[in-house]
Protein chains: 2
Amino acid sequence: MGTSRNQTAVTLAQVAEAAGVGESTVSRVLRNHGSYSGKTRDRVMTAVERLGYVPNRIAGTLASTGSRLVAFVIPSLSNIVFADVLRGAGATLEEHQFQAVFAVTDYDPAREEALVASMLAWRPAAVMLAGYEHTERTFKMLRAANCRVVEMLDVDGTALDLAVGFSNRAAGRASAEFLLKRGYRRIGYVGHDLDRDTRAGKRYSSFCETLSANGVPLADREIYREASSVERGRLGLDLLLARTPDLDAVYFSNDDMALGGYFHCLALGIVIPSQLAIFGYNGLDLGQVMPQALSTIRTPRVATGQLAAKLIADNAPSQVIDLGFELIEGATA
Amino acid sequence: MGTSRNQTAVTLAQVAEAAGVGESTVSRVLRNHGSYSGKTRDRVMTAVERLGYVPNRIAGTLASTGSRLVAFVIPSLSNIVFADVLRGAGATLEEHQFQAVFAVTDYDPAREEALVASMLAWRPAAVMLAGYEHTERTFKMLRAANCRVVEMLDVDGTALDLAVGFSNRAAGRASAEFLLKRGYRRIGYVGHDLDRDTRAGKRYSSFCETLSANGVPLADREIYREASSVERGRLGLDLLLARTPDLDAVYFSNDDMALGGYFHCLALGIVIPSQLAIFGYNGLDLGQVMPQALSTIRTPRVATGQLAAKLIADNAPSQVIDLGFELIEGATA
DNA sequence: CCATAAAATGGTAGCGCTGCCAAAAAAACT
DNA sequence: AGTTTTTTTGGCAGCGCTACCATTTTATGG
């Protein structure tokens, strides 16, 4: 044992005693709730300072009705998307004295289910999830729980309570329409695990449908059953081109994958976009710093987090908010 | 209000009543602690299932002595470094039934202080921080608190309790020695806010000292007072080269910045490494997928998180663990 | 079959705080 | 000075659970 553990922490009762006032008075002063005189406040604060009192929020939450915890159950932390959402939510939650708790599902619905159960044990004020796809038991728990639910980053489906995001289907369609408009006709796809990342799956199917509807079916595709990464993007494009060399454009499941594809082209001297066009998804800053700005779709990730937090703070009524997205006509497609 | 809120949740007492056993029996069964018969367990579990009981961990934590919360107070979520650390810690903590809570400081010591105070109110089992540099009051609170403290990602200094990481000074030195060994003599630096990111500051000063000690002082530098980013790296190199065109190598504060520099060279046709060498820090996967693998230092970020969590789970005695790092002799320097 | 050990169970006092209510003190009117 | 109103204050019952102890039940042994 390194430092001084196992000492019993200072309690509110001790502060009350030291200040010569009642417990409820200390509680009122500390929460600035109810009325108390100036001299009482001073005495309490002096005692707090002197004893180094730190209120015990565990006890506070148990005693009062509502908790100030917000539970995030997100697919991944490596994916900058969720980091952005958390960042957006962070500031707003803090302002309203909420505390964020989180857990990572690795895109696994079963793990999500287990983690939601575990989170609900903390009686959070809200549970924030990614997307609409959850297990039956997850839905059941969430409905039974006495808390708000925000499903983020998607609006294609039926929300449980609140939802903030944008349409992945519309994004897939917009991407396809853009490539068609630019005249590409031999279009391929390089993606990652679609079963687990259902939002990427929605983009993909909508992308394909749009192509087909325009008489230009998807020429080929290369899909990894793993998480997305720059490396996977590069390998994926390599395999795809080996099989179907005459492609004139490739749609990637996201910007990371697209960057990998871009690197592959650079390494092999494939000229972009004349020999091969590249299109991504997310609109990361990184893509816009490339020698040729990446053509992609910019999604309001930080705004999603901010709004989600705001809705919880304001105890807004159930609703679905579509924040939209922006297509960036970069230089790679 | 969308869903069914404000219903009172099922309590342990209700489960006990429904199962026809005492409260303590239910508690024992649920925690698999103490002894109980098979038929009792079945009756309890049936009641739990039927009522949809979810244990209230707030109450549980208050009643028992030690909490199972681990508080992470980290500088940033956008920086993949911390995401990696959290990812590493996540699995281990979960195994041991710990729950992670986190807050982001944006590299601001004052915010760190406020957040540590706020975190301590949850009476966590441990507080995980980045580095050794904290405000006086932060140190004081941490010492007074009845919890473990892990300072991560640095070992150059005096630890409060536990520390897991690697030496940023040694990394700076190794980078300088590598560039010198390769024969570079006109070496520049492109970095970000060194006052706030003290670990980057340590690398920088150690890098400079090593150069000087070898009679090759730093030729020039370009330092932004903001967070690191690919874009800043690109702009930084642009400015640096405009001022000092004869540089033959540039040391970047991290891989993101270096990637920006790489993009800048690609865009301007600067040949790497013959015209200009580039060296980064972190060893992100991304850097190794570039057409030319980035020369950099790979840091054990995930391992840092894992070990930090393990030490907490095992209630290990105070100690400092240096996980070391690996210099990647890529193709850019 | 009784003594003794072991296993299973229930009762209940808190954990530290908040919310409610009643009481006391101060202020504002007659 | 005597009321009435308003502001401050303290007491105390929980919040839902766990830890401890006492008690009952079951198993073991001679």
From CZ of A:R123 over to C1' of C:dT18, roughly how many Å is that when rounded to an integer?
18 Å
Should B:R196 and B:D193 count as an ion pair when the cut-off is N to O under 4.0 Å?
yes
Estimated bend of the helix from C:dC1-D:dG30 to C:dT30-D:dA1 (axis per five terminal pairs, rounded to 10 degrees):
30°
Quickly work out the B:H33 NE2 to C:dA8 P distance and round it to whole Å.
14 Å
Here the residues of residues 56-63 of chain B within 4.0 Å heavy-atom distance, strictly under, of DNA chain C are B:L62, B:A63
For residues 87-107 of chain B, pull every pair meeting salt bridge (Lys or Arg N to Asp or Glu O under 4.0 Å), keeping only residues two or more places apart or in separate chains.
A:R111-B:E94, B:D84-B:R87
Send over the distance from B:L12 CG to C:dT12 C1', rounded to a whole Å.
14 Å
B:Q14 CD to D:dC17 C1', straight-line distance once rounded to whole Å:
14 Å
Specify the separation, in whole Å, of atom CG of B:L30 and atom P of D:dG16.
16 Å
Each nucleotide N or O in nucleotides 6-11 of chain D that has a protein N or O under 3.5 Å away: list the pair and distance.
residue	atom	partner	partner atom	Å
D:dT8	OP2	A:S35	OG	3.3
D:dT9	OP1	A:S37	OG	3.1
D:dT9	OP1	A:T40	OG1	2.3
D:dT9	OP2	A:S37	N	2.9
D:dT9	OP2	A:T40	OG1	3.3
D:dG10	OP1	A:G22	N	3.3
D:dG10	OP2	A:G22	N	2.6
D:dG10	OP2	A:T25	OG1	2.4
D:dG10	O5'	A:G22	N	3.4
D:dG10	N7	A:S24	OG	2.9
D:dG10	N7	A:R28	NH2	3.2
D:dG10	O6	A:R28	NH1	3.3
D:dG11	N7	A:S24	OG	3.4
D:dG11	O6	A:S24	OG	3.0

Picking from A:L153, A:T198, A:D154, what satisfies side-chain contact (heavy atoms from CB on, under 4.5 Å) with A:Y132?
A:D154
Should A:S27 be listed as having a side-chain N or O under 4.0 Å from OP1 or OP2 of C:dT18?
yes
D:dA19 phosphate, OP1 or OP2, under 4.0 Å from B:R31 side-chain N/O
yes
Expressed in angstrom and rounded to an integer, what is the separation of B:L120 atom CG from C:dG16 atom C1'?
16 Å
Cation over ring face, A:R68 and A:F98, 6.0 Å, 45°:
yes
Under the salt bridge (Lys or Arg N to Asp or Glu O under 4.0 Å) definition, can you give me all pairs with a residue in residues 11-32 of chain B, not counting sequence neighbours?
none
Per-nucleotide protein contact along nucleotides 22-28 of chain C, 5' to 3', at a 4.0 Å heavy-atom cut-off (B base, S sugar-phosphate only, - neither), is -------
